[in-house]
There are 2 protein chains.
Amino acid sequence: MGITIKEIAKLADVSKSTVSRVINDSEHVSDEARKKVQQVIEETGYIPNSLAKDLQRNKTNTIGVILPKINTSTFSSAVEGISDTMHENGYNILLTNTRLNTKEEINHLKLLKEKRVRGILFFATEVTKEHIETLERIDIPVVILGQDTSDILDFPCVIHDDFVSAQNIVGYLVAHGHKNIGYIGVEEYDIAVGQLRKKGYEAVLTENNLEINEEQIYKDGFSMESGYKGMLEIINNSQKLPTAIFAATDRLAIGAIKCLKDKGYQVPEDVSIVGIGDSDISPLITPELTTVRYDHLQAGAKASQILLNYINKQEVTEKLVMNSQIIERESVKNV
Amino acid sequence: MGITIKEIAKLADVSKSTVSRVINDSEHVSDEARKKVQQVIEETGYIPNSLAKDLQRNKTNTIGVILPKINTSTFSSAVEGISDTMHENGYNILLTNTRLNTKEEINHLKLLKEKRVRGILFFATEVTKEHIETLERIDIPVVILGQDTSDILDFPCVIHDDFVSAQNIVGYLVAHGHKNIGYIGVEEYDIAVGQLRKKGYEAVLTENNLEINEEQIYKDGFSMESGYKGMLEIINNSQKLPTAIFAATDRLAIGAIKCLKDKGYQVPEDVSIVGIGDSDISPLITPELTTVRYDHLQAGAKASQILLNYINKQEVTEKLVMNSQIIERESVKNV
DNA sequence: CTGAAAGCGCTAACAC
DNA sequence: GTGTTAGCGCTTTCAG
């Protein structure tokens, strides 16, 4: 059963209250009593039960984190950032992984409420009516990461500006003389990655009076394989191969590069490629990938800070747009 | 404050017990009562407080995970595996990150005890007397990952056989004709990575009557930069460049490759390189890295299963050695 | 400075 | 089938 405060009290010949006081570093305890209690604690190896404490206090020091996947550099970096700043502030992290199953998110939200977490960091993909309803009901500070929910939800969010990033990097391609640019992205249920990045791409093409060629647009999942398959489709379906490809994520870009190599094309000599995200792999592949850097660790840290402020009823940034920058490497050539 | 079981009881015009029964899917509740209670719960959005429940039951369904870093493919994959199998079995994960600070481990252990986690998955690096003492005192099922603690600790562990893996991959180098093989590793306070892998390397050289050349041995941290620096040192200090390098981890190997390239050497034409770990980056770099595959996701899953058995007082594998295999890619040439 | 007592929200006998 | 009761281990008034 484990030893309790009551037994410590008995052994130290004081009351529970006194033991509680020394545990919680309260003043108003005589040195003598404190010493005795500490000694007993030391001897017995007593470790207080925070369930009881949290119940009584009606608050925990646990932060819930909901993410769709963990073994990916985006999320694990963000979690590292979260973990850093939460640890510094005395909070622990309860991790829940929806494994890309959006339906599960609602359950995870409820689970975290059951645990009475003090706040939630929610890596959102899509946000349905049911999400909104649950989020509002649970009455826990939440910060949304990765999706701009500022006009549908009354919670702070921290995002990268996907539309602008896509514009920038596609603009970079245009500036390098590319006029025929293909697109490999993900399904559009994902607002940030699926829709915004595609729209940024389209905006730049339209702006520059370049043709948007449907058979050079491909959308599927997030995996490297999707990137590979996308590139393959574009190769097979194109009358004329695009001179450049904008991939919505680095991972996709890497898959595409692999495909091009397999098919005997050279990157960037035959086809230039860019991505978004600056995955840790990107500088290591050949050619090193030109991309847009998103600092996920920093995003995690910032989001944590916002959540902390929220919890402490301080002023809160409603929408933090992380800035991003183009990282020029080797996968684009002038044309 | 949140709504409680008591209020649900009142609204549904039944007792707390009945509400508790329907929440916990107990039989012995009339359909009528159940329906009424469920309706009230639905209407109010009531979500039970698991702190109270866990306190009363004297058990939680959360598992503590202690790791030294999260944004690395080794750990995030392991956590993915853990998360998968724990989720399937109705457990949640409390993550604690020591950020490579070994001294912190003891505190994290205590913290998890406070939270009364049901079991702990502990990614160990070194295991000191204090560790042992704490581990034994907290009286919680623990499974150790990454270090063979079978003769000092009475807890199950799951490991990769680092000695044998190192032997195998260095043997592979020897089989390809290499006689002058350098080593880039990590400090030896880390038993598995620092000591065992080095010993495996030395064993093979000795066995084959090859010279162990101290200026071609370098030890430092785990980062890519360490690999780079290590390679640089070896280049600078060697009378004659080794024909092959065994790096204790893929990350180190990748750093070393980068250095070689920067210095104008070709891999594997000038120097062959191998690593251990099969990081997800390894097949993507140029040249693709020949290495030993460790399946960390699987290791996480297996360790979880062992922990679960331990918790349920079923029989437990005391020491699970995950097998590993050489993945032949492009970074080694015959000499 | 210290102890007694009440109670956090819930479960689990035990009666009815 | 259902309600009553007694805590789980702790904090927190409130007296003394």
Side-chain angles (χ1 to χ4, degrees), chain A residues 1-38 40-41 44-62 110-111 113-118 138-140, chain B residues 1-38 40-41 44-62 110-111 113-118 138-140:
Chain A
M1 269 300 293
I3 179 166
T4 74
I5 202 175
K6 201 167 142 192
E7 300 166 56
I8 301 297
K10 195 156 47 177
L11 289 171
D13 205 28
V14 295
S15 74
K16 289 193 307 178
S17 323
T18 301
V19 177
S20 175
R21 287 187 189 105
V22 348
I23 289 172
N24 296 292
D25 285 321
S26 157
E27 48 260 58
H28 308 303
V29 183
S30 66
D31 280 0
E32 191 193 3
R34 165 166 289 121
K35 201 164 282 175
K36 205 159 48 176
V37 171
Q38 282 169 338
V40 174
I41 288 179
T44 55
Y46 166 72
I47 293 181
N49 182 333
S50 73
L51 292 171
K53 175 176 179 167
D54 293 347
L55 175 60
Q56 150 69 33
R57 288 226 180 131
N58 195 34
K59 64 168 67 155
T60 65
N61 59 349
T62 304
K110 287 185 180 160
L111 174 78
K113 170 66 175 183
E114 277 186 22
K115 301 278 185 189
R116 295 305 188 261
V117 296
R118 199 69 176 290
I138 56 174
D139 190 34
I140 296 181
Chain B
M1 270 298 292
I3 180 166
T4 75
I5 202 175
K6 201 166 140 195
E7 300 166 59
I8 301 296
K10 193 155 52 174
L11 289 172
D13 205 30
V14 295
S15 74
K16 290 193 306 178
S17 326
T18 302
V19 177
S20 174
R21 285 184 189 109
V22 348
I23 289 171
N24 295 292
D25 286 322
S26 155
E27 46 259 58
H28 308 302
V29 182
S30 67
D31 281 358
E32 193 192 1
R34 164 166 287 122
K35 199 164 285 176
K36 206 161 42 177
V37 170
Q38 281 168 337
V40 175
I41 289 179
T44 55
Y46 166 73
I47 294 181
N49 181 333
S50 72
L51 292 170
K53 175 176 178 165
D54 291 347
L55 174 59
Q56 150 69 33
R57 288 228 185 125
N58 195 33
K59 63 167 70 155
T60 66
N61 59 347
T62 97
K110 285 183 181 159
L111 174 79
K113 170 66 176 185
E114 276 187 20
K115 301 277 184 189
R116 296 303 190 262
V117 297
R118 199 67 176 292
I138 57 172
D139 189 33
I140 295 181

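Convention: sequence-line order gives letters A, B, ...; per-chain numbering from 1.
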Can you tell me if the side-chain N/O atoms of [X] get under 4.0 Å from OP1 or OP2 in [N]?
{"X": "A/Thr4", "N": "D/dC8", "answer": "no"}
{"X": "B/Asn49", "N": "C/dC8", "answer": "no"}
{"X": "B/Tyr46", "N": "C/dC10", "answer": "yes"}
{"X": "A/Thr18", "N": "C/dC1", "answer": "no"}
{"X": "A/Ser30", "N": "C/dT2", "answer": "yes"}
{"X": "A/Ser15", "N": "C/dT2", "answer": "no"}
{"X": "B/Ser20", "N": "C/dC10", "answer": "no"}

Measure the distance from [atom1] on [X] to [atom2] on [N] and round it to the nearest whole Å.
{"X": "A/Ile5", "N": "D/dC8", "atom1": "CD1", "atom2": "P", "result": "13 Å"}
{"X": "A/Leu51", "N": "C/dT11", "atom1": "CG", "atom2": "C1'", "result": "14 Å"}
{"X": "A/Arg57", "N": "D/dG9", "atom1": "CZ", "atom2": "P", "result": "18 Å"}
{"X": "A/Leu55", "N": "C/dC8", "atom1": "CG", "atom2": "P", "result": "9 Å"}
{"X": "B/Ile47", "N": "C/dG9", "atom1": "CD1", "atom2": "P", "result": "15 Å"}
{"X": "B/Lys53", "N": "D/dC10", "atom1": "NZ", "atom2": "C1'", "result": "21 Å"}
{"X": "B/Glu7", "N": "C/dC10", "atom1": "CD", "atom2": "P", "result": "9 Å"}
{"X": "B/Glu32", "N": "D/dG3", "atom1": "CD", "atom2": "P", "result": "11 Å"}

Return the minimal non-hydrogen interatomic distance between [X] and [Y], and the atom names on each side.
{"X": "B/Ala9", "Y": "B/Ser15", "result": "CB-C, 3.7 Å"}
{"X": "A/Lys16", "Y": "A/Ile5", "result": "O-CD1, 3.8 Å"}
{"X": "A/Thr4", "Y": "A/Tyr46", "result": "C-CE1, 3.7 Å"}

task: Could you check B/Arg21 against B/Ala52 and say which one's nearest nucleotide on DNA chain D is further toward the 5' end?
output: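 Counting from the 5' end, the first nearest nucleotide belongs to B/Arg21.
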message: Quick check: on DNA chain D, is the nucleotide nearest A/Lys6 upstream (toward 5') of the one nearest B/Gln56, or the reverse? Name the residue that is more 5'.
response: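 In this pair, the answer is B/Gln56.
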- line: Nearest-nucleotide check on DNA chain C, A/Asp13 vs B/Val19; residue mapping nearer the 5' end is A/Asp13
field: 5'-most by nearest nucleotide on DNA chain C - A/Lys16 or A/Asp31
entry: A/Asp31
query: Would a distance-only check, ignoring hydrogens and angles, find a side-chain to backbone donor-acceptor pair under 3.5 Å from B/Thr60 to B/Arg116?
result: yes
query: Checking all strands, does B/Asp54 fall into the base, sugar-phosphate, or nothing category for heavy-atom contacts under 4.0 angstrom?
result: nothing
message: Would the base of C/dA4 count as contacting A/Ser17 through its side chain, where contact means a donor and an acceptor less than 3.5 Å apart?
response: yes
query: Which one, C/dC10, D/dT4, C/dG3, comes nearest to the side chain of A/Val14?
result: C/dG3
query: Out of B/Ile23, B/Val14, B/Val29, which one pairs with B/Val37 under the side-chain contact (heavy atoms from CB on, under 4.5 Å) rule?
result: B/Val14
Among B/Glu32, B/Gln38, B/Lys36, the one residue meeting side-chain contact (heavy atoms from CB on, under 4.5 Å) with B/Arg34: B/Gln38
